[in-house]
Amino acid sequence: MVYPESAPFTDWMGVTLLSGEVGKVRLQLVQRGDLNNRRGVVHGGVLATLLDSAMARSARSLADGMELGGTVDLHVQFMKPAKGTLIATGTVESSSRTLAFCRGEVRDVHHVLVAAATATMRLRRTV
């Protein structure tokens with residue numbers, strides 16, 4: 001089965017790819033009202049999804065034909081309220097044949113760290 005490059009949910013959120021290289025991806029999300037919590041800042045679930053997506057895409061970039069088998073573990077820390085345009089970076093810190101250990105962060109346009117995460121991603125080759 002061939003999967004699309006991005007998930008329909010992150011497409012709906014408005015996540016766009018800024019840059020990508022082997023083991024590292026940068027994504028952007030622009031705040032809009034339907035992504036907010038009751039206090040008018042970006043919902044924590046949106047930030048967790050953004051981080052998960054950045055780390056998953058970085059893991060998929062390790063080799064041609066690499067596909068994500070799924071997120072095995074995700075740990076998110078929320079540091080500051082998130083507003084405006086947000087930049088997420090996902091980086092593979094280490095990998096084996098079947099697992100990638102990743103770090104992610106979300107910063108606002110002032111480079112303030114608003115959330116950070118670690119994840120373990122299951123990998124599989126499609127070719």
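Computed from heavy atoms alone, side chains included, the values below leave out hydrogens, waters and symmetry copies. In this text the structure is predicted, and so the values were computed from the model without any measurement. Throughout, numbering of the chain's residues begins at 1 and tracks the sequence.
Sorted by first and then second residue, the salt bridge (Lys or Arg N to Asp or Glu O under 4.0 Å) pairs with a member in residues 6-29 form an empty list; sequence neighbours excluded. Identified under the ring-ring contact (aromatic ring centres under 6.0 Å, His included) test for residues 12-67, with sequence neighbours left out: Phe9-Trp12. Counting only residues at least two apart or in different chains, salt bridge (Lys or Arg N to Asp or Glu O under 4.0 Å) contacts with residues 27-55 comprise Arg32-Asp34. Pairs engaging residues 48-70 under the ring-ring contact (aromatic ring centres under 6.0 Å, His included) rule: none recorded [sequence neighbours left out].
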Residues 74-85, side-chain donor-acceptor partners within the protein, below 3.5 Å, at least two apart:
none

Expected list for residues 87-94: side-chain donor-acceptor pairs under 3.5 angstrom, two or more places apart:
none

Would you list the atom pairs, donor with acceptor, under 3.5 Å between side chains in residues 107-120 and any protein atom, with sequence neighbours excluded?
residue, atom, partner, partner atom, Å
Arg107, NE, Glu105, OE2, 2.6
Arg107, NH1, His111, O, 2.8
Asp108, OD1, His110, N, 2.9
Asp108, OD1, His111, N, 3.2
Asp108, OD1, Val112, N, 3.0

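Considering Leu27, Val42, Leu35 in turn, Val42 is the only one that fulfils the side chain to side chain contact (heavy atoms under 4.5 Å, CB included) rule with Leu86.
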Practice task
Test side-chain contact (heavy atoms from CB on, under 4.5 Å) on Arg57 and Thr10 and set out the steps.
Solution key: CA-CA 12 Å; Arg57 288 186 190 196; Thr10 55; 4.1 Å; yes
Practice task
Determine, stepwise, if the pair Asn36 / Gln31 fulfils side-chain contact (heavy atoms from CB on, under 4.5 Å).
Solution key: CA-CA 8 Å; Asn36 290 349; Gln31 182 183 17; 2.9 Å; yes
Problem - Steps toward side-chain contact (heavy atoms from CB on, under 4.5 Å) verdict (Arg124, Thr98) - result: CA-CA 6 Å; Arg124 64 183 182 87; Thr98 58; over 6 Å; no
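Leu17 is connected to Met13 through a chain of hydrophobic side-chain contacts under 4.5 Å among Ile, Leu, Val, Met, Phe, Trp and Tyr, so both are in one cluster.
In this structure, Arg103 has no salt bridge (Lys or Arg N to Asp or Glu O under 4.0 Å) partners at least two apart in sequence or on a different chain. For Asn37, there are no side-chain hydrogen bond (donor to acceptor under 3.5 Å, both in side chains) partners, not counting sequence neighbours.
Checking side-chain atoms of Ser53 against main-chain N and O of Thr49 turns up no donor-acceptor pair under 3.5 Å.
Hydrophobic cluster of Leu99: the remaining members, joined at side-chain heavy-atom separations below 4.5 Å, are Val72, Phe101, listed by chain and number.
In this structure, Val25 and Ser19 have side chains that are not in contact, with every pair of non-hydrogen atoms separated by 4.5 Å or more.
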